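What follows is a set of notes on a single structure, which appears directly below.
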Protein chains: 2
Amino acid sequence: MEDANEKSITRIDSKIGSVESAAGGSNALLDIRKMRILEAIIDDYILTASPVGSRTISKRSDMGLSPATIRNEMSDLTELGFLEQPHTSAGRVPSEKAYRLYVNRLMDSAQLTDDEMEYIRRHLDNRVSEVNAVFRETAKVLSEVTNYTSVVLVPQLSSMRIRRISLIPVSEGTALAVVVTNTGVAKNSTISIPDSIRPEDLDKISRMMTEKLEGHRLSDAVCTVLPMLRSEIGEQADAVADMLTKIEKSMSEQDVEVVGATNILDYPEYSDVSKARSFLAQVEDGEYLREVMSDASDVEMSVRIGTENSNPDMQDCSVVTVTYKAGGKNIGSLGVIGPTRMDYGKVMAVLKYMSKSLSDILSKMLGDK
Amino acid sequence: MEDANEKSITRIDSKIGSVESAAGGSNALLDIRKMRILEAIIDDYILTASPVGSRTISKRSDMGLSPATIRNEMSDLTELGFLEQPHTSAGRVPSEKAYRLYVNRLMDSAQLTDDEMEYIRRHLDNRVSEVNAVFRETAKVLSEVTNYTSVVLVPQLSSMRIRRISLIPVSEGTALAVVVTNTGVAKNSTISIPDSIRPEDLDKISRMMTEKLEGHRLSDAVCTVLPMLRSEIGEQADAVADMLTKIEKSMSEQDVEVVGATNILDYPEYSDVSKARSFLAQVEDGEYLREVMSDASDVEMSVRIGTENSNPDMQDCSVVTVTYKAGGKNIGSLGVIGPTRMDYGKVMAVLKYMSKSLSDILSKMLGDK
DNA sequence: TGTTAGCACTCATCCTCATCGAGTGCTAAC
DNA sequence: GTTAGCACTCGATGAGGATGAGTGCTAACA
């Protein structure tokens, strides 16, 4: 637990399969039999949530070994830090290190059943009408299929290229700013407008902003593009800069959609209300999730197991995330949160598949890339 | 429980104080002493959540009566249906009928402390910049002050008068529709546009829609105003009607902001995980809350106690709601959900105050009414 | 040398049973 | 009408014992 792998979160880079192993060199110590036994234990524990005994493994698995032999191996595995004992006469429970190993091995082999793929496809194709509905629907399907809590980080605008900016007067002194990007994602927010701007001017200003800033990133627009254009804009340059800054600020907030938070209550590890409470409070707050999801938005898949989470309230659950694309570029991420004893195989497979589906849908919806 | 008052929810009309009593004539049977004892029991039970005994009341209250006397009165109150006994040798627990009576008496007298008012004022004035942020902030403050779950029904657009409609092309075949109303509330949604409309036309169509429909309700626009204008609009009338229908449909969805759902876990009646689960699932789903909040949007204050809720999963909690105004008209409602044993006095006072604060802020933000 | 059977031992879980005490209802006295 | 007294009820608490799953160790076996 306090060894070097504590903070090394699994990350696969673009080519799936090249795993930056996190369990150090220690898994070299595991021969095939130990590995199979460990896997059998993990599988069983994921299913039952109660400590696994030697007899169970001996009967269940097809290795044809007696409980005594399994016991010897389990004893070794415990010594190596892959198993833990709640108390002397209980079975063994996989440690985080074990999950780590398990996950790394699983990384490239996880597979979905046809039924599950069918289910996902049907439920996602259902309502492709509204862009933001897609993200909500994705989160919903994700939590339904896995029965864990799902999170979707909706695209961050400030790093995409602007296609259009519109300002619509809402009331005295406020306007609704709508930004459409090259990936077709639109976002809007209400901003206050400087006194010097008359509502009637907003239309002209919108057109001007669109004309000057099209193709630039919103983040660049404020700090580099706008200063260069100052002379061209004329007297209202300050006001325009002010508004653009406000727009950039409000747009750079990252939204997360969370669905199925209460699913966690189905798992015995959260039958303790105070534990459930702190989990749910974290999820409701959203701060940590936003952090994790943003962090994860540049690696194809990442898994945080237990104490690999920096947030103390999240240290007995795991977070698995993948990224999704639009126009060939990572624009957001989606993830699943569940107990450390989660069904990593299934979760990873579902996420991989949904990332692909979502990317496809987005590409289709947005037409051009 | 199965008597006439089952579905009669407290409703006060515009003049606060005129209570349409719901407890039938039966409270006439309660003399002052019984009333005081009942109140003492309710107060104690709200505080402790455990059955109240005669000794407690005898000691606590300033009536100077012995436990035996209290017992006699409690026996009467039980017979009248205001108290219940979990089992023979436990104390008494207030029935829903008792809460009903209690709430009706409280209706016009609930009062906040200065500290609480100060707290609310400070936290609401904080960020008045963004319209929708106000609702979110309101929900947050509401749940913080009461320590229950809070709900805010954000204004419904279709019943307000249109000030402006804008259509902004987002991608091939889709556009963002923004509707601004006379109360200054803006809402937007992505809609698909008919093939016959070119993106370049959207600007013209926006202007046309605004011109023709300004001052009308969105709901009227589709069914009465538009048909009358058909001839004026010309060839694209069908396409415009189609789009307007879509806008009306997407705008009439009522949004609810829910904050503090997990607060319910602080109360012992929800220490049972399965109970907590069904409550939280209801809240997450939002369907019932939307229903209650919409229902409540025409009476100044309404209280639903326990089984007065039509949703079975909500029948051991209470929902208190008030409406808020903008431009002199009710435009939405806010509410608090907690265990039936909630602190009605405080909740009602807080809600009344926050309704007023929110209405003031909205009026101020929107400038003109 | 690896595998297995046997056995003593540990310890959480479950059940039972007795005790405790808060609270009631009733009766009789004030 | 109010109160003191008392028997009674019944959930909560906790101790003690049985149960059984599971371990670790040792010795025998292939």
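Since this is a predicted model, take the numbers as computed values, not measurements.
Between A:Arg341 and A:Tyr267, some side-chain heavy-atom pair lies under the 4.5 Å cut-off.
D:dT3 atom P lies 9 Å from atom CD1 of B:Ile70, rounded to whole Å. If you take CD1 of A:Ile57 and P of D:dG22, they are 10 Å apart, rounded to a whole angstrom. Rounded to an integer number of Å, the gap from B:Lys59 NZ to C:dG23 C1' is 13 Å. At whole-Å resolution of the value, CG in A:Asp76 and P in C:dT3 are 11 Å apart. Between the CD atom of B:Glu73 and the C1' atom of C:dG25 there is a distance of 15 Å, given to the nearest Å. Atom CG in B:Leu77 sits roughly 12 Å away from atom P in C:dG25 (whole-Å rounding). Taking atom CZ of residue B:Arg55 and atom P of nucleotide D:dA4, one finds them 12 Å apart after rounding to whole Å.
Proximity of A:Arg33 to the phosphate of C:dT3: a side-chain N or O atom is located under 4.0 Å from OP1 or OP2.
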Item checked: side-chain contact (heavy atoms from CB on, under 4.5 Å) between B:Ile264 and A:Arg277, intermediate numbers included -> CA-CA 9 Å; B:Ile264 205 78; A:Arg277 188 177 186 351; over 6 Å; no
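Residue-to-nucleotide proximity on DNA chain D shows that, of B:Ala68 and A:Thr88, the 5′-proximal contact is made by B:Ala68. Between B:His87 and B:Asn72, the one whose closest nucleotide on DNA chain D sits nearer the 5' end is B:Asn72.
Here the CD1 atom belonging to B:Ile42 is positioned 7.0 Å from the CG atom belonging to B:Leu101, to the nearest 0.5 angstrom. Within the model, atoms CG of A:Asn309 and CD of A:Glu291 stand 9.5 Å from one another, a figure rounded to the nearest 0.5 Å.
B:Thr69 comes within contact range of at least one nucleobase, with a heavy-atom separation under 4.0 Å. Note on B:Ala90: only backbone sugar-phosphate atoms sit closer than 4.0 angstrom, heavy atoms only; bases stay farther off.
Using N1 to N3 plus N6-O4 or O6-N4 for Watson-Crick, or N1-O2 and O6-N3 for G-U wobble, each under 3.5 Å, C:dA12 pairs with D:dT19. Using the Watson-Crick or G-U wobble rule with both distances under 3.5 Å, C:dT27 pairs with D:dA4.
Comparing atom distances between the A:Met74 side chain and each of D:dT23, D:dT3, D:dG24 picks out D:dT23 as nearest. Each of C:dT3, C:dG25, D:dT2 was ranked by its minimum atom distance to the side chain of B:Arg92; first place goes to C:dG25. For B:Arg71, the side-chain atoms get nearest to C:dT24 when compared with the rest of C:dT24, C:dT10, D:dT3. The side chain of B:Leu65 sits closest to D:dT3 out of D:dT3, D:dT23, C:dG25.
Shown are B:Val350, B:Leu142, B:Asp266, B:Asp343; of these, the side chain to side chain contact (heavy atoms under 4.5 Å, CB included) with B:Tyr148 is made only by B:Asp343.
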